[in-house]
Amino acid sequence: MSEGIIYWLQQALNALQLGSIYALIALGYTMVYGILTMINFAHGDVFMIGAFFCFLLSSTLNLTFVPTLLLTMIGTAILGVLIERLAYKPLRQAPRVSAIITALGVGMFLENFTLALAPYPKHIPMLLENVTWNFYGITLSSIQLVIISLSLGLMLLLDYIVQRTTIGMAMRAISWDKTFVPLMGIPVDFIISITFAIGAGLAGAAGTMYALAYPVIDPYMGIMVGWKAFICAVVGGIGNIRGAMAGAFILGTVEIMVVAFFPSTFRDFVAFTLLMVLIMVRPYGILGKPRIQKV
Amino acid sequence: MMVLLKQRWDALLESAWLVPLLLVIGFGLAFAIPEYHLLSVYIQLILMYIGINIILATSLNLVNGYMGEFSLAHAGFMAVGAYTSVLLTMKVFPVADFPFLFPCAVLIGGLVAALLGMIVAIPSFKVRGDYLAIITLAFLMIVKSMIENIDAIGGPRGMSGIMKLTTLPWVFFWATTLLWMIRNFIYSKYGRGVLAIREDEIASDLMSVNTQQVKFFAFMLSSFCAGIAGALFAHLLQFISPRIFDITKSTDILIMVYLGGIASIGGSILGATIFTVLLEILRPSTMAALLSWLPPFIFTPLNDYVISHLGIWRMVIMPLILILVMLYWPRGIMGLREFRGFIPRRDKQVHPHNFLHEATNNDNSDRQ
């Protein structure tokens, strides 16, 4: 194969790796928005807490990869439910702005609380043996393979849960109509908690994978990654699960392309310009449906 | 007796010369304090930060409180004002020789920020609610990342060696002027339009409110004030970098606005003051100085365990306060209420803000 094609395939692989981490976080944003029409700005920090859980479990308890991943996911899921019960549930009837501000506050609290406990960046020990394979000049590392396949697996699982199970049906029902769904005997509070648990669990998985790929973690790492994942959710049409996955791979590709052509400091600039232009042109996203404002 | 006092008090508040008198006293104090060292330099510094934060909180309240939109871009406008004015005072104007050029630099900083405010105002014609919040966020990030990429203005390292031109009289002057502008805007025809947009945009459009014009003016006035505050801030701190004008700066201003209460100038003044003072009190050195009257057997262990670690923990305490305010006190200190001194005489009977708080929750949460 020619040099050019190999280069592009290699970049496509990198884009796939970045996109799958973004996708796992974006799903949390989009699921919560779909059900509560609320932007959970603390979600990026749940992802950061996931990376720190991964650090704690792997360095102090010396666990291997699979139990670390599972325990991290459970830990962040519990954290997600706690945040929902303590901070968001009392505000469900309040003006929407209150919920957004509370979410910002929860995010800042998580960042600074972690900073107070862990003032210096942490190094994650090697959880997986890093093997690289070479196919006709394209390098694939075992970490990349694990990240991509695991996140695709989790996304398929989520799609199955949302489309095929009773809980998923209840979630879709709540996002369709909040007034009549409780009358049909659906436990709304329970379903909302489950949604937060799933979203936060996926963010925990993303945190673990991010820590695998980029082993230095700090309390503020969740801010930028969280906003980027949020862009993905908006690009795909917020509230739309398949849209969030599509948006994540689009943003991953765009970012890798920008870094390939321009200085890497332009990455954020291009990502946010893309967001701004897209919202002005097509606010409901690529896969979303236009919302009709009724009087 | 009490009734008589109350009447006297009311008469004092109603009198026409109250505001000019307060202004004269304020200006006199603002000149006298630095001149005769009436207060320590540290307290003067806090007073200047309070003034700047009052400008920021009140102007953000115009968009977030009165108009009911959610803007996160305020730190971005601050950055624009700060960088413009610093470039002018450092590179263009010979400010060292002609100190009276400093207000021109501040004014131009504010005007450039107002021009950029249009970038946020124009999408707001079409986009509302969460999506407008995202646009303002994207604007903030774009401004920050542009500054980081221009090497001529220091890039990510920022600019240092700025002259300390912000003084107490200047802060007082700008704070009172801008408060006066915002207050007059709110009680003008456009201000009524702003309130109407918050309650129901489509209905106000039908009632012949020129919503585009109103939004345009509101966003531009708000960003103008933020630019001026940024310029004053830069010449007080004497160092600026893109990191200072981060999303956390926007969040700080949001805390001031919502602590003080939405749609209230008096609330924003109180919120900015309380926030700034609280942040200073929670500093380890200030806290140690404040509590040093305690007997040593209490103070020493307290100092060892709590106060010396307060520097980190105060950043944990501030968001916690924000969450608790939102949960248990969603109206803030003065939500939708106002000091009587700010309300024009013709509006005393019909107070424009006696809507229910819930009325601001007009439901744009359409189904997916």
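Order of the sequence lines sets the chain letters (A, B, ...), proteins ahead of strands, with each chain counted from 1.
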Chemist: With only heavy atoms counted, which part of A:I279 is less than 4.5 Å from chain B, the side chain, the backbone, both or neither?
Modeler: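 Backbone plus side chain of A:I279, per the 4.5 Å heavy-atom cut-off to chain B.
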Chemist: Does some side-chain heavy atom of A:L115 sit less than 4.5 Å from a side-chain heavy atom of B:M315?
Modeler: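 No, side chains not in contact.
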Chemist: Pick one of side chain, backbone, both or neither for B:I134, based on which atoms fall under 4.5 Å of a heavy atom in chain A.
Modeler: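 Both parts, heavy atoms under 4.5 Å.
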Chemist: In Å and rounded to the nearest 0.5 Å, what is the CG to OH distance from B:D246 to A:Y220?
Modeler: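 Rounded to the nearest 0.5 Å, the CG-OH separation comes to 9.5 Å.
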Chemist: Where on A:L110 is there a heavy atom nearer than 4.5 Å to chain B: the side chain, the backbone, both, or neither?
Modeler: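 It is neither, since no heavy atom gets under 4.5 Å.
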Chemist: If you tally heavy-atom pairs under 4.5 Å against chain A, which of B:T248, B:L137, B:I317 wins?
Modeler: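 Looking at each of B:T248, B:L137, B:I317 in turn, B:L137 comes out on top.
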Chemist: Look only at the side chain of A:D268 and the backbone of B:I142, and say whether a donor-acceptor pair between them is shorter than 3.5 Å.
Modeler: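 Checking the backbone N and O of B:I142 against the side chain of A:D268, no donor-acceptor pair under 3.5 Å is found.
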Chemist: At a 4.5 Å cut-off on heavy atoms, which part of A:V270 comes close to chain B: side chain, backbone, both, or neither?
Modeler: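 Neither; nothing under 4.5 Å.
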Chemist: Given that the side chain runs from C-beta out, which part of B:L322 has a heavy atom under 4.5 Å from chain A: side chain, backbone, both or neither?
Modeler: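 Interface part for B:L322: side chain.
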Chemist: Is A:M224 close to chain B through its backbone or its side chain, or both, or neither, when contacts mean heavy atoms under 4.5 Å?
Modeler: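 Side chain only.
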Chemist: So, taking the atom named OG1 in A:T102 and the one named CG in B:L327, what distance separates them when rounded to the nearest 0.5 Å?
Modeler: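 Here the interatomic distance stands at 5.5 Å.
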Chemist: Find the distance between CE (B:M141) and OG1 (A:T273) and round it off to the nearest 0.5 Å.
Modeler: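 The CE atom of B:M141 sits 12.0 Å away from the OG1 atom of A:T273.
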Chemist: Sort B:L132 into side chain, backbone, both or neither according to what part of it lies under 4.5 angstrom from a heavy atom of chain A.
Modeler: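 Neither part, no heavy atoms under 4.5 Å.
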Chemist: Can you find a heavy atom in the side chain of A:F113 that is under 4.5 Å from one in the side chain of B:W313?
Modeler: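 The answer is yes; the side chains approach within 4.5 Å.
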Chemist: Which bit of A:F266 comes within less than 4.5 Å of chain B, counting heavy atoms only: side chain, backbone, both or neither?
Modeler: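 Both the backbone and the side chain of A:F266 come within 4.5 Å of chain B.
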Chemist: Tell me, for A:I101 versus chain B, whether the close heavy atoms (under 4.5 Å) come from the side chain, the backbone, both or neither.
Modeler: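 The answer is both parts of A:I101.
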Chemist: Can you tell me how far the CD1 atom of B:I262 sits from the OG atom of A:S98, to the nearest 0.5 Å?
Modeler: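 Rounded to the nearest 0.5 Å, the CD1-OG separation comes to 8.0 Å.
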